[in-house]
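So the structure is just underneath, and the comments pick up after that.
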Amino acid sequence: MPILACSERIVFMPNLSLIKIPRMNCSQAPGFILLGLSSDPEKWQPFFSIFLGLYLLGLLGNLLLLLAIGADVHLHTPMYFFLSQLSLVDLCFITTTAPKTLEALWTGDGSISFSGCLTQLYFFGVFADMDNLLLAVMAIDRYAAICHPLLYPLLMTPCRCQILVSGSWGIAHGVSMIYTLLLSQLYFHASQEIPHFFCDCRPLLLLSCSDTHFNEVLMMSLAGVLGISAVLCIVSSYGCIFYAVARVSSAQGKRKALTTCSSHLSVVLLFYSTVFATYLKPPSSSRSSGEVVAAVMYTLVTPTLNPFIYSLRNKDVKSSLRRILNIETSQD
């Protein structure tokens with residue numbers, strides 16, 4: 001007689017080793033339903049307005065910053081090159097999740113195919129990892145500029161900047177590909193409901209009827225190595241920066257050095273605080289409403305705020321934007 005297990009059917013056959021056969025009511029290509037932010041239809045319209053406003057604001061802010069950096073030759077430096085890459089990533093990041101969320105809030109239909117879910121998950125992973133890696137690369141750039149100002153042109157050459165960014169893209173695509181391939185091999189019950197507004201690894205693992213232990217361990221390990229490496233890089237870079245600034249004698253010199261780092265530090269704190277609030281626990285744990293709010297913060301709010309944080313605190317960017325928009329400035 002066959003023995004039924006929770007996640008799979010185990011069949012014992014004479015003179016044969018143990019054979020594991022997937023449960024008959026499971027599928028490798030099921031349909032999913034994104035439950036979104038709330039099950040109350042009365043809240044869908046307000047959420048739609050908020051998401052649409054943030055999405056359009058994020059598109060506008062990041063596009064303007066890309067335009068300002070690309071059109072002004074004075075901004076063709078390593079710092080602004082990395083900033084333009086961050087704006088490009090943020091632009092793609094919010095476009096990965098926001099349109100599907102807006103569609104679900106407008107129509108009330110959160111259904112998504114298995115292939116569509118994996119596609120969204122893949123690009124979400126790529127752009128999330130790129131945000132993480134670019135923040136570390138930008139910290140290295142600030143370290144070179146403040147701690148080794150005379151060697152900065154030699155340290156951050158255009159070729160090395162391209163290598164840093166290209167390497168980050170390669171790592172992000174590789175890690176996200178591993179996540180996606182692992183999830184594509186799992187079995188799921190048909191028409192599963194995902195208690196989230198986009199396809200993410202954690203809710204998909206919870207809904208699988210396969211053994212996900214290996215997936216959880218490998219995904220946690222890769223995310224841990226990638227995240228911890230970036231955080232250590234940022235912390236060590238700023239440790240050296242603060243030590244170098246402390247040795248500067250003039251208050252004006254200290255203020256100037258710290259001003260170049262304030263925007264980046266603001267973005268770092270905003271990004272990692274929301275990411276840690278969402279993912280800093282085992283994948284098998286239940287999801288709370290607070291985590292969904294944190295996910296909204298780092299998938300939509302943070303990428304929307306980033307260009308404004310940098311542009312509002314940067315005179316060069318503001319000057320470039322004024323020239324592009326033909327805004328006359330008063331002369332003192």
Side-chain angles (χ1 to χ4, degrees), residues 31-67 83-132 134-135 172-173 176 179-180 193-204 267 270-275 277-279 287 289-311:
F32 293 112
I33 299 175
L34 297 171
L35 297 182
L37 301 173
S38 174
S39 58
D40 185 1
E42 294 183 357
K43 296 181 180 180
W44 292 349
Q45 188 62 40
F47 280 139
F48 176 85
S49 301
I50 294 172
F51 258 69
L52 180 61
L54 287 173
Y55 180 50
L56 294 178
L57 189 62
L59 290 178
L60 177 64
N62 284 290
L63 284 174
L64 284 176
L65 189 55
L66 283 170
L67 183 61
L83 180 55
S84 67
Q85 290 294 310
L86 183 65
S87 288
L88 177 62
V89 169
D90 285 341
L91 187 67
C92 299
F93 196 14
I94 58 177
T95 304
T96 302
T97 58
K100 182 60 183 177
T101 304
L102 290 171
E103 178 191 349
L105 290 171
W106 181 258
T107 63
D109 181 14
S111 60
I112 184 172
S113 66
F114 185 65
S115 59
C117 191
L118 289 183
T119 301
Q120 186 184 61
L121 174 69
Y122 174 79
F123 287 106
F124 171 81
V126 169
F127 300 128
D129 288 339
M130 275 301 298
D131 259 342
N132 178 52
L134 280 176
L135 290 176
H173 277 285
S176 187
Y179 289 170
T180 307
E193 293 182 342
I194 300 177
H196 213 325
F197 61 94
F198 68 95
C199 292
D200 198 5
C201 290
R202 187 196 302 272
L204 286 176
V267 172
L270 185 61
F271 177 79
Y272 285 108
S273 61
T274 53
V275 169
T278 306
Y279 294 108
R287 177 169 292 274
S289 59
E291 288 180 79
V292 176
V293 174
V296 173
M297 287 293 296
Y298 85 86
T299 58
L300 188 62
V301 177
T302 299
T304 298
L305 291 179
N306 285 350
F308 297 99
I309 292 174
Y310 277 102
S311 60

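Side chains are part of it too, since the values below use all heavy atoms of this structure and drop only hydrogens, waters and symmetry mates.
- How far OG1 of T180 is from NE2 of H173: 11.0 Å, rounded to the nearest 0.5 Å.
- No side-chain heavy atom of N62 sits under 4.5 Å from any side-chain heavy atom of L88.
- Distance alone, capped at 3.5 Å, places no donor-acceptor pair between the S84 side chain and the L66 backbone.
- Here D129 pairs with A172, V175, L226 under the side chain to side chain contact (heavy atoms under 4.5 Å, CB included) rule; sequence neighbours left out.
- Between the CG atom of L65 and the CG atom of L60 there is a distance of 11.0 Å, given to the nearest 0.5 Å.
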### Task
Assess whether side-chain contact (heavy atoms from CB on, under 4.5 Å) is satisfied between L57 and F308, documenting all intermediate values.
CA-CA 10 Å; L57 189 62; F308 297 99; 3.7 Å; yes

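- Between H196 and F198, the ring planes lie tilted relative to each other; the angle falls in the 30° to 60° range.
- Closest approach of V267 and L135 over heavy atoms only: CG1-CD2, 3.8 Å.
- One finds the OG atom of S176 at 6.0 Å from the CG atom of L121 (value rounded to the nearest 0.5 Å).
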Side-chain donor-acceptor pairs under 3.5 Å in residues 91-101, sequence neighbours left out?
| from | atom 1 | to | atom 2 | distance (Å) |
| --- | --- | --- | --- | --- |
| T95 | OG1 | Y55 | OH | 3.4 |
| T95 | OG1 | L91 | O | 2.8 |
| T96 | OG1 | C92 | O | 2.8 |
| K100 | NZ | S111 | O | 2.9 |
| T101 | OG1 | T97 | O | 2.9 |
| T101 | OG1 | F197 | O | 3.2 |

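- For the pair F271 and N306, the minimum side-chain heavy-atom distance is 4.5 Å or more.
- Interatomic distance, CD1 of I33 versus CD1 of I112, reported as 11.5 Å (0.5 Å rounding).
- Counting all heavy atoms, side chain and backbone alike, L105 lies closest to W44 at O-CB, 3.8 Å.
- Of all the heavy atoms in L86 and Y310, the pair that sits closest is CD2-CE1, 4.0 Å.
- Here the CG atom belonging to D131 is positioned 11.5 Å from the CD atom belonging to Q85, to the nearest 0.5 angstrom.
- By the 4.5 Å heavy-atom criterion applied to side chains, L118 and C199 are not counted as neighbours.
- Going from atom CZ of F51 over to atom CG of L300 covers 5.5 Å, rounded to the nearest 0.5 Å.
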